[in-house]
Number of protein chains: 2
Amino acid sequence: MAPARKPRDMLAPDPDGGHFEPHVPDVDYGVLDSLIGYAIRRAQIRVYEDFVSSLAAWHITPPRFSALQIIGRNAALKLTDLAQILGIARSGAVLLVDALESMGLVERLPSATDRRAYGLALTDAGRRTLEDVTAAVCAHDARIAGDLSEEEREVLRGLLERLGR
Amino acid sequence: MAPARKPRDMLAPDPDGGHFEPHVPDVDYGVLDSLIGYAIRRAQIRVYEDFVSSLAAWHITPPRFSALQIIGRNAALKLTDLAQILGIARSGAVLLVDALESMGLVERLPSATDRRAYGLALTDAGRRTLEDVTAAVCAHDARIAGDLSEEEREVLRGLLERLGR
DNA sequence: TATTGTTATACTCTATAACTATA
DNA sequence: TATAGTTATAGAGTATAACAATA
């Protein structure tokens with residue numbers, strides 16, 4: 001039989017998984033400090049960290065939130081449409097919708113005009129949850145941008161939109 | 001026995017995997033359009049797409065490039081340091097360094113002071129490759145930010161750095 | 001022939017937990 | 001008792017390729 005062992009996490013926390021430090025002191029980041037792409041990556045890591053911890057109670061991740069928002073705003077979307085809008089493969093959209101459906105937030109309604117397709121819709125629970133979750137996401141977004149004035153946020157959104165054309 | 005089948009990709013390309021369209025026409029994005037977090041995600045997808053296609057020939061991904069850059073600039077870094085700087089778990093750093101080592105770009109040198117630890121270093125090939133790759137990454141970064149003036153890039157980097165404090 | 005949803009499969013990235021050898 | 005590197009394992013998330021039903 002296997003010998004009893006003491007779980008490590010009862011003695012001392014594993015040092016992995018602390019908060020991300022964008023600029024560790026005394027480290028030379030070289031060209032990374034001048035790249036727009038790396039600045040975006042640094043920001044993205046911190047934003048993602050805060051999003052996940054803010055919405056852990058609902059088990060809502062960024063792609064799930066985006067999907068709920070898009071489905072709620074656009075009636076009878078097909079799975080293929082959703083995939084294109086989110087920029088993911090159709091097979092990924094199937095998995096995403098499967099998860100939201102098993103959470104009782106989304107349903108697949110048969111299309112009236114195309115017997116291959118479904119129209120996606122929020123359930124009543126989905127609509128209620130989306131309201132709460134949207135409030136939490138907006139609070140999160142305001143928190144991570146808390147340092148910025150409304151004008152600065154406008155400028156930031158505008159500059160980001162012009163990248164990669 | 002299994003019947004012969006025609007591979008689909010010889011007939012017509014699978015519609016998945018085209019370019020990401022940040023704003024699909026006639027789609028209501030709801031609150032997503034006002035979120036800083038979603039603006040960053042949209043930008044990140046396009047930047048990542050361009051990075052990967054620009055560096056596919058070297059098999060260099062963004063985390064690999066960051067690691068090479070950091071290792072090249074900071075002598076005798078430990079794996080644990082690298083993990084902290086990049087914001088990943090130590091186990092992830094091991095895999096990352098394994099990949100770079102198998103590509104002949106990085107080596108683990110035994111530490112003089114700590115027999116548990118290694119000091120990471122670029123090989124000669126690693127230094128040469130990093131030069132070429134850095135030029136390609138800078139060209140990529142200039143391309144995705146091509147629309148922006150130097151002043152605007154400065155503003156963008158500054159605003160991104162202030163997020164999530 | 002092409003498209004819709006689906007499944008199978010695989011690969012990358014990431015994390016947690018545990019282990020070993022040192023410290 | 002804690003740390004450095006490692007391994008095993010698992011879970012997201014993603015992609016490609018193929019398929020049946022339908023257009």
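Naming: A, B, ... by sequence-line order, numbering from 1 per chain. Quick note: numbers below take in every heavy atom, side chains included, and nothing from hydrogens, waters or symmetry partners.
Relative ring orientation between B:His23 and B:Tyr29 is described as perpendicular, the plane-to-plane angle rising above 60° on a 0-90° scale split at 30° and 60°.
Taking atom NZ of residue B:Lys78 and atom P of nucleotide D:dT3, one finds them 10 Å apart after rounding to whole Å. Per the geometry, CZ belonging to A:Arg90 stands 7 Å off C1' belonging to C:dT4, to the nearest Å. The CG-P distance, from A:Asp98 to C:dT6, rounds to 7 Å in whole Å. In this structure, CG of B:Leu95 is placed 14 Å from P of C:dC11, rounded to the nearest angstrom. Taking atom CG on A:Leu77 and atom C1' on C:dG5, their separation rounds to 14 Å, with Å as the unit. In this structure, A:Ile88 places its CD1 atom 9 Å from C1' of D:dG13, rounding to the nearest Å.
On a pure distance criterion of 3.5 Å, a polar donor-acceptor pair joins the side chain of A:Ser91 and the base of D:dT16.
Proximity of residues 37-62 of chain A to DNA chain D (heavy atom under 4.0 angstrom from any strand atom) is restricted to A:Thr61. Proximity of residues 105-121 of chain A to DNA chain C (heavy atom under 4.0 angstrom from any strand atom) is restricted to A:Arg108, A:Arg116, A:Ala117, A:Tyr118.
For the pair A:Lys78 and A:Ala117, the tightest heavy-atom approach, listed with the atom from each and the gap, is CD-CB, 3.8 Å.
Using a 4.5 Å heavy-atom cutoff, the side chains of B:Arg162 and A:Glu152 are in contact.
The list of salt bridge (charged side-chain N to carboxylate O under 4.0 Å, His left out) pairs with a residue in residues 44-62 of chain A, not counting sequence neighbours, reads A:Asp50-A:Arg143.
Under the 4.5 Å side-chain heavy-atom criterion for grouping Ile, Leu, Val, Met, Phe, Trp and Tyr, B:Val133 is connected to B:Val106 within one hydrophobic cluster. Hydrophobic cluster membership is shared by A:Leu79 and A:Leu86, with clusters built from Ile, Leu, Val, Met, Phe, Trp and Tyr side chains linked at under 4.5 angstrom.
The side chain of B:Arg64 has C:dC13 as its nearest neighbour among C:dC13, C:dG5, D:dT6.
Comment: A:Arg42 engages A:Asp33 in a salt bridge, judged by a side-chain N to carboxylate O separation of less than 4.0 angstrom. Under 4.0 Å is where a charged nitrogen must lie from a carboxylate oxygen, and between A:Arg108 and A:Asp98 at least one such pair does.
Side chain of A:Ser102 to main chain of A:Ala99: a donor-acceptor pair is present (N/O by atom type, distance under 3.5 Å, no hydrogens or angles).
Residue contacts for A:Leu96: at a heavy-atom cut-off of 4.0 Å it reaches no nucleic acid atom on any strand shown.
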